[in-house]
Amino acid sequence: MSLKSVHMGSDIYLVCLTHALTTEREEVMGLLIGEVDEDRVLHLFSVIILRRSDKQADRVEISPEQQSDASIKAEKLAKELNRPLRVVGWYHSHPHITVWPSHVDVRTQANYQLMDDGFVGIIFSVFSEDKTTKCNKIEVTCFQSKEIKSEFQRLEVPLFISPRYSISAHCLKTMLDLPQILLQEEDEAYEQVTSEEQDLLTRIHNTSVYTKSVCHVLEVVSGPLLHTLESRLKANKIRIQQLTQLKDELKQKIREAQEKKNLLL
């Protein structure tokens with residue numbers, strides 16, 4: 001039985017989109033944690049960013065170790081929030097191409113649904129240009145797979161993004177882990193192509209490529225992330241001031257009401 005809809009908080013959307021925008025050369029991927037209610041509506045509570053062992057421009061894969069680690073994290077979050085949470089979906093990016101899932105994506109989604117019929121896939125299309133405005137555009141689609149005449153086809157699922165004033169502690173931690181995960185990917189890639197038997201020029205070339213990649217992570221992730229968190233902090237301080245003022249006004253009204261009550265007595 002397919003899902004009726006998927007509900008995602010704006011903080012989860014922010015984490016997924018930030019991850020998708022970290023590279024326009026390869027796809028990135030992560031897992032979604034949530035629960036399906038009795039009305040077949042999926043509610044997302046957190047996200048797990050996966051470290052890529054192999055960078056591909058047209059596909060991403062999840063290792064068994066990553067699936068096991070994600071399940072453990074989902075169990076910890078379930079105990080913390082006292083809710084029946086589990087890994088309920090995956091997301092990945094489509095840099096420079098359409099948002100629609102490929103036949104590989106649809107087949108992968110179908111395999112996930114064999115284990116859990118509430119599993120969902122979300123795709124972020126990034127670094128694409130709007131033909132009318134000539135500006136960069138971002139598109140998102142949410143889907144499941146459905147078998148029709150021995151073939152699996154995309155079944156679109158309505159996606160609703162709920163605005164939130166703050167970033168949840170779990171999403172904030174995931175955001176802060178993102179630069180470290182990307183740097184770990186670069187470290188692993190560098191180790192795979194470097195050895196003591198290489199000649200000096202090759203080693204210098206590999207080191208320069210590695211240094212450039214690390215600088216790219218700092219430029220496109222760490223810097224904007226710090227700016228985003230600073231902006232959030234500023235917005236939160238303004239929100240605190242507004243709530244404090246509202247609290248004082250309510251206290252004043254309560255005192256006035258109490259004084260009127262005392263006079264009547």
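Counting non-hydrogen atoms of other residues, nucleotides and ligands closer than 6.0 Å to CD of E256 gives a total above 12. The environment of D199 atom CG is dense: over 12 non-hydrogen atoms of other residues, nucleotides or ligands sit within 6.0 angstrom. The number of heavy-atom neighbours closer than 6.0 Å to NE2 of H205, taken from other residues, nucleotides and ligands shown, is 12 or below.
L32 and L155 sit in two unconnected hydrophobic clusters of ILVMFWY residues. Membership requires side-chain heavy atoms under 4.5 Å apart, directly or through other members. Tracing side-chain contacts under 4.5 Å through hydrophobic residues (I, L, V, M, F, W, Y), one never reaches L176 starting from L226; they form parts of separate clusters. F152 and W100 are members of different hydrophobic clusters when ILVMFWY side chains are connected at heavy-atom separations under 4.5 Å. V106 and M29 fall into different hydrophobic clusters, defined by Ile, Leu, Val, Met, Phe, Trp and Tyr side-chain heavy atoms under 4.5 Å apart, directly or through other members. In the hydrophobic clustering of this structure, Y210 does not group with L200; members are Ile, Leu, Val, Met, Phe, Trp, Tyr whose side-chain heavy atoms approach within less than 4.5 Å, directly or through other members.
Between L21 and P95 the shortest side-chain heavy-atom distance does not fall below 4.5 Å. Side-chain contact check for N136 versus V126: every heavy-atom pair is 4.5 Å or farther apart. No side-chain heavy atom of I138 sits under 4.5 Å from any side-chain heavy atom of V99. Residues I123 and F143 are in side-chain contact: their nearest non-hydrogen atoms beyond the backbone lie under 4.5 Å apart. In this structure, Y190 and T207 have side chains that are in contact, with non-hydrogen atoms separated by less than 4.5 Å.
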Atom pairs and distances, donor-acceptor, side-chain atoms in residues 87-94, under 3.5 Å, two or more places apart:
residue, atom, partner, partner atom, Å
W90, NE1, Q109, OE1, 2.7
Y91, OH, H19, ND1, 2.8
H92, NE2, H94, NE2, 3.2
H92, NE2, D105, OD1, 3.4
H92, NE2, D105, OD2, 3.3
S93, OG, V28, N, 3.0
H94, ND1, T98, O, 2.8
H94, NE2, D105, OD2, 3.1

Which donor-acceptor pairs under 3.5 Å do the side chains of residues 37-48 make with protein atoms, sequence neighbours left out?
residue, atom, partner, partner atom, Å
D37, OD1, D39, N, 2.9
D37, OD1, R40, N, 3.2
D37, OD1, V41, N, 2.9
D37, OD2, H43, NE2, 3.0
R40, NH2, M1, O, 2.6

Anything under 3.5 Å between a donor and an acceptor, one on a side chain of residues 231-243, the other on a protein residue two or more places apart or in another chain? List them.
residue, atom, partner, partner atom, Å
S231, OG, H227, O, 3.0
R232, NH1, Y165, O, 3.3
N236, ND2, R232, O, 3.3

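By the side chain to side chain contact (heavy atoms under 4.5 Å, CB included) test, Q198 is found to be paired with T194, S195, T202, R203, N206, residues two or more places apart in sequence or in another chain being considered. Taking K4 as the reference, nothing meets the salt bridge (charged side-chain N to carboxylate O under 4.0 Å, His left out) condition, with sequence neighbours excluded. Under the salt bridge (charged side-chain N to carboxylate O under 4.0 Å, His left out) criterion, E80 pairs with no residue, sequence neighbours left out. Listed by chain and number, the residues in a side-chain hydrogen bond (donor to acceptor under 3.5 Å, both in side chains) with H103 amount to none (sequence neighbours excluded). With sequence neighbours excluded, no residue forms a salt bridge (charged side-chain N to carboxylate O under 4.0 Å, His left out) with D187.
Residue F127 comes nearest to A20 through the heavy atom pair CE1-O, 4.0 Å, listed as atom of the first residue, atom of the second, then distance. For the pair C142 and I122, the tightest heavy-atom approach, listed with the atom from each and the gap, is SG-CG1, 4.0 Å. Across C171 and V15, no two heavy atoms sit closer than the pair O-CG2, 3.7 Å. When every heavy atom of F119 is checked against every heavy atom of Q113, the shortest pair comes out as O-CG, 3.9 Å. Contact record, I33 with K73: CD1-C, 4.5 Å, taken as the closest heavy-atom pair.
Between the side chain of Q144 and the main chain of L3, a donor-acceptor pair closer than 3.5 Å is present. In this structure, N262 contributes its side chain and Q258 its backbone to a donor-acceptor pair below 3.5 Å.
Separation of atoms CG (L31) and CD1 (I49) is listed at 11.0 Å; rounding is to 0.5 Å. S5 contributes atom OG, which lies 3.5 Å from atom NE2 of H7 (distance to the nearest 0.5 angstrom). Residue H170 holds its NE2 atom at 10.5 Å from CD1 of I12, rounded to the nearest 0.5 Å. To the nearest 0.5 angstrom, L159 atom CG is 5.0 Å from I161 atom CD1. Note that CZ of R51 is 9.5 Å distant from CG of D69, once rounded to the nearest 0.5 Å. To the nearest 0.5 angstrom, L77 atom CG is 11.5 Å from N82 atom CG.
Residue pairs that meet the salt bridge (Lys or Arg N to Asp or Glu O under 4.0 Å) test with at least one member in residues 207-217, sequence neighbours left out, do not exist here. Identified under the salt bridge (Lys or Arg N to Asp or Glu O under 4.0 Å) test for residues 220-231, with sequence neighbours left out: none. A salt bridge (Lys or Arg N to Asp or Glu O under 4.0 Å) check over residues 154-166, counting only residues at least two apart or in different chains, returns the pairs D11-R164, R154-E156.
Taking Ile, Leu, Val, Met, Phe, Trp and Tyr as members and joining any whose side-chain heavy atoms lie under 4.5 Å apart, directly or through other members, the hydrophobic cluster of L250 also contains L246.
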ask   = Yes or no on side-chain contact (heavy atoms from CB on, under 4.5 Å) for L172 and L229, after CA distance, side-chain angles and deciding distance?
value = CA-CA 9 Å; L172 181 59; L229 294 177; 3.6 Å; yes

key: Derivation of the side-chain contact (heavy atoms from CB on, under 4.5 Å) call for S145 and N111   = CA-CA 9 Å; S145 293; N111 291 335; over 6 Å; no

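Between K137 and E129 there is no salt bridge, since none of the side-chain N atoms of the basic residue sits less than 4.0 Å from a carboxylate O of the acidic one. R86 and E75 are not joined by a salt bridge, as no carboxylate oxygen comes within less than 4.0 angstrom of a charged side-chain nitrogen.
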